Protein chains: 2
Amino acid sequence: MKRSLKNRRRRTRAPAFSDAATAILDVAERLAQTRGYNGFSYADIAARLGVTKASLHYHFPSKEELGRALIERYEAAFAAALDAIDQATGEPRQRLRRYVALYDGVMRNERMCLCGMLAAEHSTLPRAMQGELQRFFDMNERWLAHLLQEGRRSGLFSFRESASGRARIILSALEGAMLVARSYSDPRRFRVAAGHVLDGVGARGR
Amino acid sequence: MKRSLKNRRRRTRAPAFSDAATAILDVAERLAQTRGYNGFSYADIAARLGVTKASLHYHFPSKEELGRALIERYEAAFAAALDAIDQATGEPRQRLRRYVALYDGVMRNERMCLCGMLAAEHSTLPRAMQGELQRFFDMNERWLAHLLQEGRRSGLFSFRESASGRARIILSALEGAMLVARSYSDPRRFRVAAGHVLDGVGARGR
DNA sequence: GTCTATAGGTGGATAGAC
DNA sequence: GTCTATCCACCTATAGAC
């Protein structure tokens, strides 16, 4: 009963990768976010880095291990971004706006959320990766639900369903907006939809 | 100036396929909706039908042609379903509920919207398929926008943005809800999110 | 750590017999 | 229309030299 309840979310330790491994992950991440896990190969990564396929296997023996590392690193970075938001401001509407801005940044990079992309390929992924996907979405929903609950208590947000229900809606809407916007190669499509997500809880106000 | 304005949407003629071609498309469609376009092969289809890969190429010489046929047939079937809704009832809330039920039926089949799935793989698809994808989403948005406009005029729906803006939000939210629900293999997740889409315009009734 | 070389498998696609 | 047989490109992965 004595353990601190603060920051109990931090279960995702950012793994330490060598410079070479980091370079591989950077390239693989971009490829996975634009083409999907089944849409890129070791050859693609090797070509972009100017090395051979074999050397990649030294750092990531199998593609499954590479895929797991991708999700783990992505989730850790996302968790850090959420912490940064929490520490920058306590104002709920601003925190929600910054959350949406995270996704907007991904789109502006002509990518899609890594985990949204992998969700489409879910049934073709190794079991371990499937489990990590859920953890990512769970983390997002928990963070959002907490924020929504707090904002509603202080009269800033307004919505009928439960906070976690609304969190799911927001997450789904953002992922879906990215998905559809990709077919039009138009990030503005995402931005407009994202704005209405904020309106939905009464959080757009400047 | 004399041409009828009724049914001017019908640009998608349902192509006639032989029995064998239809059987191939049925299997390919299920595979594409569960595993993605890059996630299945001619070998997968052939195995499930008990024929050889070579015979598939007689009906669909290349995978790109197969992919195009998949989207065209899917879009035609969807357009027919929208027409059926329009003819069954003119009541806007009911029509919107039936629209959402279309997507729910897809999820209940343990699939995801074909075009939502393909949207994730967008950048890896042949150009022709990319164009057809947009047409599918455009058709959905036009139908929804028209319905929303009508419902708002009669005081049944309420939303702040333009009808086409709201149509995009609804489409994105439904596609996103399917996407995320897949990671949990839980269609109920979709159904709850879909219900809130209806609430969003005041259409849940009852 | 990175290389060359290669294994063993699967991808889409074609030729030609039946 | 469906088959057998085959092609070549590409996939993930490994062995072993440097």
Side-chain angles (χ1 to χ4, degrees), chain A residues 15-32 34-71 117-118 120-121 123-130 132, chain B residues 15-71 117-118 120-130 132:
Chain A
F17 291 111
S18 69
D19 287 357
T22 299
I24 293 168
L25 287 170
D26 289 344
V27 171
E29 186 178 83
R30 161 153 255 138
L31 286 167
T34 50
R35 305 178 52 88
Y37 181 73
N38 297 321
F40 76 93
S41 68
Y42 273 49
D44 295 322
I45 305 170
R48 264 159 243 238
L49 287 176
V51 297
T52 61
K53 292 184 289 173
S55 77
L56 303 181
H57 282 282
Y58 172 80
H59 299 280
F60 301 98
S62 73
K63 196 179 177 185
E64 171 173 350
E65 292 182 57
L66 172 60
R68 295 186 47 166
L70 279 177
I71 304 183
M117 179 67 85
L118 297 179
E121 300 175 290
S123 69
T124 71
L125 299 178
R127 282 206 174 282
M129 289 179 66
Q130 293 179 340
E132 288 179 330
Chain B
F17 291 112
S18 69
D19 286 358
T22 300
I24 293 169
L25 288 170
D26 289 343
V27 171
E29 186 178 84
R30 162 153 253 138
L31 286 167
Q33 288 184 266
T34 50
R35 306 178 52 88
Y37 181 74
N38 297 320
F40 76 92
S41 68
Y42 273 49
D44 294 323
I45 305 171
R48 265 159 242 240
L49 288 176
V51 296
T52 61
K53 289 188 294 171
S55 76
L56 303 181
H57 282 282
Y58 170 81
H59 299 281
F60 300 98
S62 72
K63 196 180 177 184
E64 171 172 349
E65 292 183 58
L66 172 60
R68 295 187 47 167
L70 280 178
I71 304 183
M117 179 67 84
L118 297 179
E121 299 175 291
H122 180 264
S123 69
T124 71
L125 299 179
R127 281 205 174 285
M129 289 179 65
Q130 293 179 340
E132 290 178 329

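Naming convention: chains lettered A, B, ... in sequence-line order (proteins, then strands); numbering from 1 in each chain. Just so you know, these numbers come straight off a predicted model, no measurement behind them.
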Item to complete: Determine yes or no for a side-chain-to-main-chain donor-acceptor pair under 3.5 angstrom, with B/Q130 supplying the side chain and B/H122 the backbone.
Response: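 Present.
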Worksheet item: Atom CD of A/E65 to atom C1' of D/dT12: distance rounded to whole Å?
Response: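 Rounded to whole Å, this separation is 13 Å.
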Worksheet item: Could you give the distance from CZ (A/F17) to CG (A/D26), rounded to the nearest 0.5 Å?
Response: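 These two atoms lie 10.5 Å from each other.
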Discussion item. With rounding to the nearest 0.5 angstrom, report the CZ to CD1 distance, A/R30 to A/I45.
Written reply: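 The CD1 atom of A/I45 is 14.0 Å from CZ of A/R30, to the nearest 0.5 Å.
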Worksheet item: Tell me, which pairs form a side chain to side chain donor-acceptor pair (under 3.5 Å) where one or both residues lie in residues 34-49 of chain A, sequence neighbours left out?
Response: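 Pairs touching residues 34-49 of chain A that pass the test: A/N38-A/E121, A/N38-A/T124, A/S41-A/D44.
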Worksheet item: Any side-chain N or O of B/S55 less than 4.0 Å from the OP1 or OP2 oxygen of D/dC3?
Response: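 Answer yes for this pair, as a side-chain N or O of B/S55 is under 4.0 Å from OP1 or OP2.
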Practice prompt. Answer yes or no: does a side-chain N or O of A/T52 lie under 4.0 Å from OP1 or OP2 of C/dC3?
Written response: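 Answer is yes, contact under 4.0 Å.
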Worksheet item: Is any side-chain heavy atom of B/F60 closer than 4.5 Å to a side-chain heavy atom of B/L25?
Response: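 Answer yes - side chains close enough.
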Worksheet entry | Letter per nucleotide, 5' to 3', of nucleotides 10-16 of chain C [B base touched, S only sugar-phosphate touched, - untouched; heavy atoms, 4.0 Å] | -SBBBB-
